[in-house]
Amino acid sequence: HFKWHDLRMSWVSSNIAVFLGAMWAICIVCVALLVWSVDRAYDRQRLSDLSNNRLTDYYELNVLVVRTFKFVRRDMLNGDGTLDFEFDVAEKKIVDLLSDIEAKVVSESAIQQTEPSAAELGTVSLLRSELNTAFTEVRLAAEEFANGRPTDARNRVTEALEMHVDKVIAEVIDNKLALEREQFTQFTKSVRREQLISVYFGVAAGVIALMITGFAFWSLAGRVNNSLKALSIGAEKFGKNQLDHRIELAGGDEFTQLATRFNEMADELRSNQAALHDVQTELENRVEERTHELAEANAKLEERDEMRRQFFADIGHEMRTPVTAIRGHAEVALRAKEDQLEARSDALHRIISLSKQMSDDVSSLFLIAREQAGVLDLRLETVDLVQVIIDAAANLEALLQREGAILRTDLPDGPIWIEGVAARLQQLIGILVSNAIAHSQDGVEIDLDLKRTNRSVILEVSDNGPGIPHADRLRVFQRYYRGQH
């Protein structure tokens, strides 16, 4: 009996020892897997942070490039060629930002223990090359402005913006933003997966440790139970996205370290959620901007349609009077008897005069139509504004004598050279003088004064007529509007 009892106790003790040994082995394996998964999660988090930082750098690069070349368009294409912003500072910021992006690519490859991505470095190199080319073209354009060649400068800037900035740089940055957002999303999912694996291994290690502790150290059951309960509550709250919760465990054992790791994991998750929210906000802003651009494009289309309708209204308005007059004079010529040659000749002369007037009106209408459609080719050339005014005054001599008006000119000595079209400038002067004669008393005195300023000249047309009432001044440039007085 005693031998059988001893044998049975020996078998039980051996099984307990084997069980405890197996549990210790399983616990060690789980802890090793936990450490491995936590290390992988940490590396994934570092990669996620680098991806997020690189995405932020590309956003900042996009903003800097758009703002810099927006100012270049303003100063070069619409201004006098003087860069009114710190162009060199903007260039340095962009170059430094490209260097930061390149350094992050190298850091990411170091974490992954691989060679730096040739595609990523090639993209940075391409952006650096295109931006350097664009900056060089802008500087050359500034020199051409300084040398008195604004047309060549604007052409150079336009070509640089179209070929390098709009066509290559903007497309590359947009593609990189989309790629970086996708990569950041993948890293975030990977971090969450690794963190979930860490939770599983942690729970498994805790359960096994609890069983071993229950067999070997019964007195520590309360501590283990409380620790696991706190970890379980923390895991549950983290699973419900209550990331402000903190697992508080006293002491410095493994459970406290695990709780600290859980808390750090919650901080990282909250930080990642904040970064994702910022990305979402940025995307919403970009969608809003694109919607606004579409609304502006639609408004321009409506404006073009209104121009088309206005053009046909102009034709009807301008043609009605001369056509009616031609018809009346033709009827007079037909009713005139054969011996009334003078009346018939006068009617035919008036028909010819009105036909010429109608032809001029048609030419003016088509000129307006081409201008509104944006296809008017003025063919600028260097002209002497003083000579243009002298020729315009000579062309108006017959009209001035017929209406009894007086035209005085006050011109500076010597020529004043400008970029313009002589015929259109003479036409403009003729319109202003004709209006002054038509809407003033007999014998009106008209002054043409040309004044020179520091960097421009001013042509003033004035008369001693009744002037324009204040109530009409805001509407005088509306089509077909005529003042009441």
Side-chain angles (χ1 to χ4, degrees), residues 36-70 72 87-140 159-195 197 268 271-272 275-276 278-280 282-283 286 290:
W36 173 77
S37 63
V38 169
D39 184 68
R40 278 179 56 85
Y42 177 71
D43 288 341
R44 292 294 181 182
Q45 184 60 49
R46 290 175 62 191
L47 291 174
S48 178
D49 292 340
L50 284 174
S51 178
N52 183 39
N53 293 335
R54 200 162 61 244
L55 177 61
T56 303
D57 289 344
Y58 273 111
Y59 272 124
E60 185 178 354
L61 177 64
N62 187 40
V63 171
L64 283 174
V65 170
V66 170
R67 183 173 57 191
T68 299
F69 289 102
K70 176 182 178 182
V72 169
F87 179 75
D88 293 334
V89 174
E91 179 183 2
K92 186 177 183 303
K93 287 182 179 179
I94 292 174
V95 172
D96 293 342
L97 201 55
L98 288 174
S99 299
D100 291 342
I101 294 173
E102 193 173 40
K104 288 181 176 64
V105 172
V106 175
S107 300
E108 181 177 336
S109 65
I111 295 174
Q112 295 177 333
Q113 297 181 352
T114 58
E115 291 294 326
S117 173
E120 294 285 347
L121 296 178
T123 300
V124 175
S125 177
L126 175 61
L127 287 174
R128 181 180 287 114
S129 174
E130 293 294 328
L131 286 168
N132 287 337
T133 302
F135 290 141
T136 301
E137 292 295 321
V138 170
R139 287 193 174 89
L140 292 175
E159 182 179 358
L161 293 175
E162 291 178 352
M163 298 301 297
H164 298 285
V165 178
D166 298 336
K167 186 175 181 180
V168 178
I169 297 174
E171 182 179 356
V172 171
I173 292 178
D174 288 342
N175 292 337
K176 284 303 298 178
L177 285 174
L179 182 62
E180 290 297 336
R181 282 194 295 268
E182 181 180 358
Q183 187 176 5
F184 177 70
T185 302
Q186 292 176 356
F187 278 133
T188 303
K189 292 180 179 178
S190 177
V191 169
R192 290 179 179 176
R193 183 171 60 253
E194 296 294 336
Q195 290 169 346
I197 293 174
E268 293 172 357
S271 176
N272 291 338
L276 287 174
D278 293 339
V279 172
Q280 181 181 3
E282 179 66 22
L283 289 175
R286 289 175 66 85
R290 294 296 183 270

Pairs involving residues 106-131, ordered by first then second residue, that meet ring-ring contact (aromatic ring centres under 6.0 Å, His included) (sequence neighbours left out): none

Spatial distance of atom CG (Leu127) from atom CG (Leu61) [nearest 0.5 Å]: 6.5 Å

Residues that Tyr59 engages under ring-ring contact (aromatic ring centres under 6.0 Å, His included), provided they are two or more places apart: none

Residue pair Asp57 / Asp100: nearest heavy atoms and the distance that separates them: OD2-CB, 4.3 Å

Main-chain N/O of Ala110 paired to Thr114 side chain as donor or acceptor, under 3.5 Å: no

Point-to-point distance, once rounded to the nearest 0.5 Å, from CG of Leu126 to CG of Leu121: 12.5 Å

Partners passing salt bridge (Lys or Arg N to Asp or Glu O under 4.0 Å) against Asp174 (at least two apart in sequence or in another chain): Arg286

Salt bridge (Lys or Arg N to Asp or Glu O under 4.0 Å) partners for Asp88, two or more places apart: Arg139

Parallel, tilted or perpendicular, as decided by the 30° and 60° cut-offs, for the rings of Phe87 and Phe135: perpendicular

Approximate separation, where rounding is to 0.5 Å, of Glu171 CD and Ile169 CD1: 11.5 Å

Chi angles and distances behind the side chain to side chain contact (heavy atoms under 4.5 Å, CB included) call for Leu131, Leu98: CA-CA 10 Å; Leu131 286 168; Leu98 288 174; 3.8 Å; yes

For Glu102, salt bridge (Lys or Arg N to Asp or Glu O under 4.0 Å) partners two or more places apart: Arg128

Between CD1 on residue Ile94 and CG on residue Asn132, distance to nearest 0.5 Å: 10.0 Å

Results of ring-ring contact (aromatic ring centres under 6.0 Å, His included) for Tyr58 - residues two or more places apart only: none

Lys104, NZ: over 12 other non-hydrogen atoms inside 6.0 angstrom: yes

Minimum heavy-atom distance between Glu60 and Leu97, given as atom pair plus value: C-CD2, 3.7 Å

Any donor-acceptor pair under 3.5 Å from Thr133 side chain to Ser129 backbone: yes

